[in-house]
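One structure below.
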Amino acid sequence: MSEILLLLLSTALVNNVVLIKFLGLCPTMGVSKSVDSAFGMGLATTFVLVLASAASWMLDNWLLQPLGLGYLRILAFILVIASVVQFTEMFVKKTSPGLYQSLGIYLPLITTNCAVLGVALLNVQQQFSLFKSLLYGFGSALGFTLVLLIFAGLRERIALARVPAAFAGAPVAFITISLLALAFMGFSGMNV
Amino acid sequence: MIAAILSMTVLGAALGVLLGVANKFLKVEGNPVVEELTAMMPGSNCGQCGFPGCSGAASAIVDGSAPVTCCPPGGKALATAIAARLGITVDLSAMADDGPKIAMVAEELCIGCCRCSKVCPTDAIIGAAKQIHNVFREACTGCSSCIEKCPTEALSMKPVPVTLQHWVMPRPATA
Amino acid sequence: MSTHHLGQPVASPHAHGGNSVGRTMFRVQLALLPATLYGFWLYGWPSFFMWLLTVGSCIGFEALSLKFAGGGRIRQGLLDGSAALTGWLLAMTLPPWAPWWVAVVGAFIAIVIGKQVFGGVGQNVFNPAMVARVALLVSFPLPLTLWVLPLPMNGAPAPDFVASMHIFLTSQPVPDAMTSATLLGHAKTELSRGVDLGHALADSGSLLSWLGMRPGSFGESASLLILAGGIFLLVSRIITWHAPLGVLLGVAIPALIGHAVDPGRFLSAESHLMSGALMLGAFFIATDYVTSPNTSLGQLIFGLGVGLLTWIIRTVGAYPEGMAFAILLMNALTPVIDRFVKPRILGRDRKGRPLDIPENA
Amino acid sequence: MGFMNFLKHLTGDDWGVHPDDHKRPAADQAVRVMPVPEKLYLPLQQHLGGAARAVVLVGQKVKKGELLAEAQGAVSAPIHAPTSGTIAAVTEITAPHPSGLTLPAIILEADGADEWCELQGCDDPFALAPGEIGKRVAAAGVVGMGGAAFPSAVKLIGASRAKVTTLVMNGGECEPYLSCDDRLMRDRAEGIVDGIRIMLHATGARVALVGIEDNKPEAVAAMRTAAAAFPEVEVRPVPARYPMGSEKQLIQVLTGTEVPADGRPADIGVIVHNVGTALAVRAAVREGKPLISRLLTVNGNCAANPGNIEVRIGTLAEEVLAFAGGLKGDGLGLARRIMGGPMMGMQIPHWRVPVVKGSSGILALDAGEVAEREPDPCIRCSSCVKACPVGLLPLEMSARIRNEAYAEAIDIGLKDCIACGCCAYVCPSKIPLVQYFVHAKGELAAQDRAKLRNDATKKLAQQRQERLEREAREKAEAAARRKAEREAAAAAKAAAEAAAKALAVDPAIQGENA
């Protein structure tokens with residue numbers, strides 16, 4: 001039990017997918033203007049990441065490795081991830097049109113979210129079991145959602161601030177997330 | 001090589017079938033947002049936006065070909081309402097909105113030709129033929145459709161006069 | 001009767017309580033003064049130069065930024081004293097004999113990157129002094145962890161004015177005999193070597209050391225003087241008790257539990273409370289208006305979070321002192337806290353729904 | 001700033017502010033009665049609700065107390081002649097309002113006789129039916145004297161319908177500088193208590209709680225003495241703290257219950273009236289006198305001789321000031337002219353505006369009192385959050401309003417704001433927070449009006465569409481009918497012709513028949 005918790009903490013905080021591994025920066029910058037849509041994006045990414053982790057693990061262990069097709073891994077993973085994202089898109093469009101509107105182009109772009117592919121590949125690299133890769137995917141998604149939420153909160157506040165014209169918009173957002181990464185360095189070296 | 005092609009094909013086909021099935025179950029009919037926006041618009045179909053009527057403008061806004069600020073009679077209030085409904089941010093500073101305006105008739109110029117009252121979408125211009133017309137203030141949307149119809153330029157758009165009841169405390173100067 | 005022009009109409013109230021930003025900042029600086037003067041006595045001229053240059057360059061960078069930003073508010077911007085306070089707080093957390101460039105680079109990070117980029121006073125989301133402190137620590141770990149012993153302790157004669165200038169400007173290596181590790185740093189090193197804390201820290205914990213007779217940052221080793229300054233702020237109503245108490249509890253509770261379970265692995269609560277700028281952080285940084293939550297409850301949560309994160313980073317992280325990181329992390333969480341912790345509106349319940357009308361009325 | 005306040009500060013139970021009250025020495029001066037000025041300016045709207053409608057003609061002679069304008073609509077109040085004289089005009093005059101806009105008013109030229117019209121008093125008001133008292137109060141044009149000027153009769157009648165149990169009398173007068181209620185309670189405590197008892201009778205409430213701030217010990221003593229014989233009237237000192245005199249706050253302190261948001265005090269069985277209103281009600285019921293004068297405080301550093309003055313409604317502030325002793329240095333150093341108190345009163349553009357029923361003070365403030373200063377940026381010190389008596393987040397609301405995000409400001413409570421001014425009073429950056437809120441409320445009201453208008457014009461457009469369709473249809477029908485008629489006529493003609501032909505062809509038959 002404590003091992004599960006530690007793995008989750010380590011993937012979510014200590015090795016945060018956005019701030020330490022620098023994966024998935026596109027949606028982090030793109031869908032962090034309001035906390036509500038950030039939360040939706042976090043949920044959608046969590047959904048995709050967990051499903052993709054599982055699907056890619058199965059694909060890799062049951063199909064690619066037995067057939068000796070390891071070199072097709074990236075191609076096959078992208079195919080699987082794209083399908084999962086398509087499915088998620090249909091699902092969100094059906095269940096929550098408002099969220100669908102606010103996620104906009106970023107929802108299909110989860111396909112090219114390097115965090116998803118990155119986590120799937122890292123799972124293979126570290127030779128996790130199915131359960132562990134699910135956990136790893138979930139922990140990463142948790143960290144992604146957390147950072148997205150925190151960052152969206154900060155950006156909502158910055159949107160009300162009198163940022164000089166030269167820094168308004170993306171520049172100040174980049175500076176903010178770099179300072180956030182600085183703060184997350186406090187977790188570094190934790191041997192949990 | 002063949003194994004690779006085959007496996008990818010099979011994989012692709014399988015996922016495609018799965019998505020196809022999912023699409024059957026999760027299909028969304030029509031776009032309810034357009035109707036919602038149409039209900040928010042002034043509804044006088046004045047045509048100032050350049051679209052065929054208010055529902056045309058609504059669908060143009062929804063599919064992104066028109067800005068939310070495209071409706072002059074709706075003004076800033078409508079633009080913010082639509083933006084809030086669509087969940088987008090809108091830069092209102094670009095929108096010229098110097099308060100509501102209504103049409104007024106210069107009585108000395110009016111010849112009573114009735115051309116203006118024929119185009120008014122809300123029947124706000126009253127007066128029979130050969131008699132001086134007048135604008136019914138409460139009904140005028142400020143769409144200015146009538147302005148160009150007037151042969152004697154007796155019609156003009158004037159800001160609605162401010163009264164004690166309608167006065168708004170000015171915004172503090174920003175520090 | 002006077003008929004002079006009134007300009008734009010203004011709304012009520014037509015009276016004011018008289019408080020101002022400058023007054024608040026001045027009070028905070030006043031509260032920092034005892035510990036600062038004591039620090040000068042402890043560490044001599046080099047520490048004075050370091051303090052002066054940090055405060056001075058903060059004011060300089062503020063003036064430059066305001067000039068570039070335009071709007072002609074340079075004078076008001078400088079008079080509110082916020083830049084000087086940021087510099088002062090930063091200086092308090094630097095090693096007392098830090099060389100000149102640390103002061104200047106720190107001031108640049110604090111004022112320009114930490115504050116002016118966001119729009120100046122009141123607009124920043126992270127505490128500028130802590131941003132600078134962390135950025136310096138991460139970028140220049142060596143000069144930032146060089147702790148000179150207080151002069152009354154190391155036996156060597158205090159450097160005179162010229163020698164101090166030399167130390168400050170040339171950043172020569174300080175002789176090993178004059179430096180030592182901080183309590184927390186020492187504990188971390190010894191623990192990683194597998195030495196029991198009971199043996200490692202046999203000689204610490206006296207009242208004298210709480211008064212500053214130990215290595216540490218320029219302004220934090222005299223924890224009791226900082227505490228006195230904090231109490232002054234509390235009494236003069238500049239700050240409220242929520243955030244400081246939260247920080248102290250957030251550190252003390254896990255420290256007490258840990259120490260009770262395994263004194264060999266976990267430091268005692270009073271060591272935690274009195275070391276590593278904890279008092280400074282609790283009373284002067286966690287209470288920063290701009291970067292902490294709006295409500296009392298939010299500030300309490302904020303403080304608890306800072307304390308707990310500090311303890312976690314100190315205990316299991318790579319850095320011996322976690323205060324600055326913990327503050328930045330909780331700064332980042334502040335908007336989220338503010339979103340969920342709001343005061344109850346009169347006539348409404350906590351969720352904002354109107355209260356029910358009683359049946360028997 | 002006593003020890004108890006510090007304790008409250010520690011526990012966070014510290015809503016509101018403790019401004020320097022500036023009430024003395026004005027409060028300790030005896031009341032001066034101002035003679036009737038030459039001309040009185042009587043706005044048709046001196047109350048909340050619909051404007052009154054003038055029922056007099058220019059040139060008409062009226063007596064003191066005669067009806068000049070009648071109430072219009074459910075929430076309204078009539079206006080009476082404050083003295084005898086001639087109606088000079090019904091025109092527009094500058095309103096006592098920051099906008100400096102005009103409003104319609106009756107101008108009455110005094111004849112100097114100051115002669116009452118016939119009054120219908122009542123010796124034993126307690127024999128009257130509660131509804132009758134409400135009617136008399138309504139006819140006398142009594143409105144809330146605290147400043148909001150809500151028609152009192154509407155409240156009284158509503159209260160007896162809603163079966164209220166408690167009458168809260170507001171003697172808080174928490175606004176700094178003002179002392180007219182204090183003065184009334186000291187000088188005319190018996191009359192107030194009598195008025196309170198009449199109001200108890202009218203509303204059916206069982207008990208009256210008179211809340212008086214504890215910085216007015218003389219008023220508390222006088223009211224206690226006057227109420228000693230009546231157990232149903234209870235005088236309760238409350239801590240001096242602004243805005244103690246705000247309806248919902250006073251109810252909470254005196255009864256311990258909260259008025260639900262969007263609700264009225266009557267919902268929890270309470271009704272609130274000002275102590276000055278009690279006197280007006282008493283005069284209306286016992287003597288039949290309408291509301292034609294009031295007590296108001298002239299104060300501020302620029303006023304040469306501060307004090308309380310009884311003036312006729314409609315007197316210009318300029319004349320009141322001149323009677324009170326004028327301005328120091330002839331107005332040199334005057335920074336702001338205020339009608340009402342400094343916390344919630346209105347800035348007025350010049351002194352030539354009339355005293356209305358709700359005017360509780362005329363303040364001439366100097367620059368030091370107003371403390372005008374360029375605002376600094378918000379440092380998020382959350383002083384405003386602590387000071388707000390309603391529990392709002394003024395700093396967040398103003399930041400959103402600055403960015404025109406009104407909907408978000410409403411989400412965090414803009415509509416619950418009572419504009420008491422505590423937030424702006426404590427703000428170290430001197431941000432005009434209340435002005436942001438007032439502006440936003442006005443903007444939102446304008447948007448609501450635009451929406452209503454939008455709906456109305458949409459209906460009109462629809463009607464036009466229907467009309468056009470109907471006309472087209474009718475035209476088509478008419479055309480069809482004409483065509484049918486033409487055809488029918490043609491057919492008939494053809495038939496007739498055919499018949500005629502047949503007749504001509506067959507005369508034999510005719511002959512046979514004949």
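Here is the naming used below: chain letters follow the sequence lines, and residue numbers restart at 1 for every chain. Because the structure is predicted, anything quoted here is derived from the model rather than measured.
Between D:Arg380 and C:Val290, the shortest heavy-atom distance links the atoms CD-O, 3.3 Å. Minimum heavy-atom separation, D:Val434 to C:Pro13: CG2-CD, 3.8 Å. Counting all heavy atoms, side chain and backbone alike, C:Gln123 lies closest to D:Pro377 at NE2-CB, 3.9 Å. Of all heavy-atom pairs spanning D:Val426 and C:His16, the tightest one is C-NE2, 4.3 Å. The two residues D:Val385 and C:Pro343 make their nearest non-hydrogen contact at CG1-CG, 4.2 Å.
Neither the backbone nor the side chain of D:Val17 has a heavy atom closer than 4.5 Å to any heavy atom of chain C. With a 4.5 Å cut-off on non-hydrogen atoms, D:Leu393 touches chain C through its side chain but not through its backbone. There is no contact between D:Arg352 and chain C, counting heavy-atom distances below 4.5 Å. If you measure heavy-atom distances from D:Val390 to chain C, the contacts under 4.5 Å come from both the backbone and the side chain. With a threshold of 4.5 angstrom between heavy atoms, D:Leu363 does not approach chain C through any atom at all. With a 4.5 angstrom heavy-atom cutoff, C:Asp338 touches chain D only via side-chain atoms.
Each of D:Arg373, D:Glu396, D:Lys430 has some count of heavy-atom pairs under 4.5 Å with chain C, and the biggest count is that of D:Lys430. Among the candidates C:Gly18, C:Ser82, C:Gly22, C:Pro354, the residue making the largest number of heavy-atom pairs closer than 4.5 Å to chain D is C:Pro354. Heavy-atom pairs under 4.5 Å with chain C were tallied for D:Gly421, D:Pro260, D:Ala419; the largest tally goes to D:Pro260. In terms of heavy-atom pairs under 4.5 angstrom with chain D, the leader among C:Ala11, C:Ser12, C:Gly122, C:Ser292 is C:Ser12. In terms of heavy-atom pairs under 4.5 angstrom with chain C, the leader among D:Gly345, D:Pro432, D:Gly340, D:Gly413 is D:Gly345. Contact count against chain C (heavy-atom pairs under 4.5 Å) is highest for D:Cys378 among D:Cys378, D:Ala371, D:Gly341.
For the atom pair CG (D:Asp376) and CG (C:Leu79), the distance works out to 10.0 Å, reported to the nearest 0.5 Å. Taking NE2 of C:His14 as the reference point, atom CG of D:Leu365 lies at 8.0 Å (rounded to 0.5 Å). From C:Ile345, atom CD1 reaches atom CD of D:Glu258 across 11.0 Å, with rounding to the nearest 0.5 Å. The CG atom of D:Asp262 lies 13.5 Å from the CZ atom of C:Arg353; values are rounded to the nearest 0.5 Å.
Counting only distance, with no hydrogens or angles, the side chain of D:Gln435 and the backbone of C:Val10 share no donor-acceptor pair below 3.5 Å.
For D:Arg161, the CZ atom sits in a loose shell: 12 or fewer heavy atoms of surrounding residues, nucleotides or ligands are nearer than 6.0 Å. More than 12 heavy atoms of other residues, nucleotides or ligands shown are found within 6.0 angstrom of CZ on C:Arg339.
Of the candidates D:Pro428, D:Cys381, D:Ser429, C:Asn19 forms a side chain to side chain contact (heavy atoms under 4.5 Å, CB included) with just one, namely D:Pro428.
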Discussion item. Using side-chain contact (heavy atoms from CB on, under 4.5 Å), reason through C:Val121 and D:Ile379 one step at a time and then give a plain yes or no.
Written reply: CA-CA 7 Å; C:Val121 65; D:Ile379 54 164; 3.7 Å; yes
